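Take a look at the following structure, please.
Computed from a prediction, not measured in an experiment: that's the story for all the values here. Chain identifiers are assigned alphabetically (A, B, ...) following the order of the sequence lines, protein sequences preceding nucleic acid strands; residue numbering begins at 1 within each chain.
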Amino acid sequence: MRMTSLLTSRFFSASTKKLAQKLLGKIVCVRHGKKVLRGRIVETEAYIGVKDKACHAFGHRRTKRTESLYQPAGFSYVYLIYGMYYCFNVVTCSKGDPQAVLIRALTAVDNDDELLAQGPGKLCRALRINKRHDQKHLLDPRSGIWLEDDGYQVSQSQIDKGPRIGVDYAEEAAKWPLRFYIKGHPDVSRSKNKSKPKT
DNA sequence: TCCGTGATTTCC
DNA sequence: GAAATCACGGAC
């Protein structure tokens, strides 16, 4: 029997960029009645706040949607994109500093699990995450959505990084290497974990 | 590669 | 009000 624990507020006392890496290997849990859906994080992106053009809270933009980003570390931020897909983020930093880590891909925790969760939209579909999981405490299972650590270790040498996906509009910020993933993992989205071969 | 799809935000 | 925008994914 594996020993699992919840993440603590102590875990979050690090930069968003650091947390994007620390979250790799951790487990996202969502309760649906008696069932709990789980997935292990294998790909993340950091959104580093008011100076990050790719971040929804760039320039202190504060709307009904981005309100969750202004919560303290450990809150969730779930929003709808392209009219069809939900994206799940973990808020970082202190209250009022709008930074977050986007969870981009999950893999099955148990070998016999079938989990289709490569990409932020698919991931939310797989765990049935939606708007009602927005602005929840991820450190408390009573929220219905939380994070766990089962001791699975991801070493620094297993982590690769690159530019974030789908943020071309963000000018210079689009090139920042704020996307982190487990090197060569089959469930990293769009097989962008392989460097593009030249012809 | 191209485009569906609709909430959110921004532009008058 | 109306128009533009968009942290995507799947069909070609």
| query | So, A:Gln158 side chain and A:Ser155 main chain: donor-acceptor pair closer than 3.5 Å or not? | reply | yes
| task | Using the P atoms only, state how far C:dC6 lies from B:dC12, rounded to an integer number of Å. | result | 16 Å
| query | Are the side chain of A:Thr66 and the backbone N or O of A:Leu69 linked by a donor-acceptor pair below 3.5 Å? | reply | no
| request: Measure the acute angle between the ring planes of A:His133 and A:His32, then classify it against the limits of 30° and 60° as parallel, tilted or perpendicular. | output: perpendicular
| query | Want to know the stems of DNA chain B: at least 3 consecutive Watson-Crick or G-U pairs with distances under 3.5 Å, which are they? | reply | B:1-4 with C:8-11, B:6-11 with C:1-6
| Is the closest side-chain donor-acceptor distance between A:Gln156 and A:Gln21 under 3.5 Å? | yes
| query | Between the base of B:dA7 and the side chain of A:Tyr79, is there a donor-acceptor distance below 3.5 Å? | reply | no
| message | Before you tell me yes or no, could you show the steps for A:Glu148 and A:Lys26 under salt bridge (charged side-chain N to carboxylate O under 4.0 Å, His left out), namely the whole-Å CA-CA distance, both residues' side-chain angles and the distance that decides it to 0.1 Å? | response | CA-CA 6 Å; A:Glu148 281 178 3; A:Lys26 300 298 181 283; over 6 Å; no
| field | A:Phe75 six-ring centre to A:Lys136 NZ/CZ under 6.0 Å and within 45° of normal | value | no
| said: Does a side-chain N or O of A:Arg65 approach OP1 or OP2 of B:dT9 to a distance below 4.0 Å, or not? | reply: yes
| Hey, does A:Leu80 reach any base, or is it just sugar-phosphate, or nothing, if we go heavy atoms under 4.0 Å? | sugar-phosphate
| message | Check this for me, if you would: do A:Glu43 and A:Arg179 make a salt bridge, where the nitrogen-to-carboxylate-oxygen distance has to be below 4.0 angstrom? | response | yes
| field | Between P of B:dT8 and CD of A:Glu67, the distance in whole Å | value | 14 Å
| Length of the line joining A:Asp168:CG and C:dC6:P, which is rounded to integer Å | 11 Å
| request: Begin with the C-alpha distance, continue with both residues' side-chain angles, and end with the deciding distance and a verdict on salt bridge (charged side-chain N to carboxylate O under 4.0 Å, His left out) for A:Arg65 and A:Asp134. | output: CA-CA 10 Å; A:Arg65 181 177 65 155; A:Asp134 186 32; over 6 Å; no
| query | What is the distance, rounded to the nearest whole Å, between atom OH of A:Tyr169 and atom P of C:dA4? | reply | 19 Å
| Looking only at atom C1', what distance separates B:dC11 and C:dA7, rounded to whole Å? | 24 Å
| message | How many whole angstroms separate atom NE2 of A:His56 from atom C1' of B:dT8? | response | 10 Å
| If you draw a 6.0 Å radius around NZ in A:Lys131, do more than 12 non-hydrogen atoms from other residues or ligands fall strictly inside? | yes
N/O-N/O pairs, protein side and nucleotides 10-12 of chain B side, under 3.5 Å:
from   : atom 1 : to      : atom 2 : distance (Å)
B:dT10 : OP1    : A:Arg61 : NH1    : 3.1

| query | Please give, in whole Å, the distance from C:dA7 C1' to A:Trp176 CH2? | reply | 15 Å
| CZ of A:Arg132 versus C1' of B:dA7: gap in Å, rounded? | 19 Å
| note | With A:Glu45 as partner, the option from A:Lys161, A:Arg104, A:Arg164 fulfilling salt bridge (charged side-chain N to carboxylate O under 4.0 Å, His left out) is A:Arg104
| said: Under 4.0 Å, counting only non-hydrogen atoms across every strand here, what does A:Arg164 touch: a base, just sugar-phosphate, or nothing? | reply: nothing
| Lys/Arg cation over aromatic A:Tyr152: A:Arg40, 6.0 Å, 45° cone | yes
| A:Ile48 CD1 to C:dA7 C1': how many Å, rounded? | 14 Å
| Nucleic acid contacts - residues 82-100 of chain A versus DNA chain C, non-hydrogen atoms under 4.0 Å | A:Tyr82, A:Tyr85, A:Asn89
| Is it the case that A:Thr4 and A:Asp150 place a side-chain donor and acceptor less than 3.5 Å from each other? | no
| request: Give a yes/no answer on whether the side chain of A:Lys122 brings an N or O atom under 4.0 Å of OP1 or OP2 in C:dG10. | output: yes
| task | In whole angstrom, give the distance that lies between atom CG of A:Leu106 and atom P of C:dA7. | result | 20 Å
| field | Integer angstrom distance from the P of B:dT8 to that of C:dG10 | value | 22 Å
| query | What form does the base of C:dA7 take, syn (within 90° of 0) or anti? | reply | syn
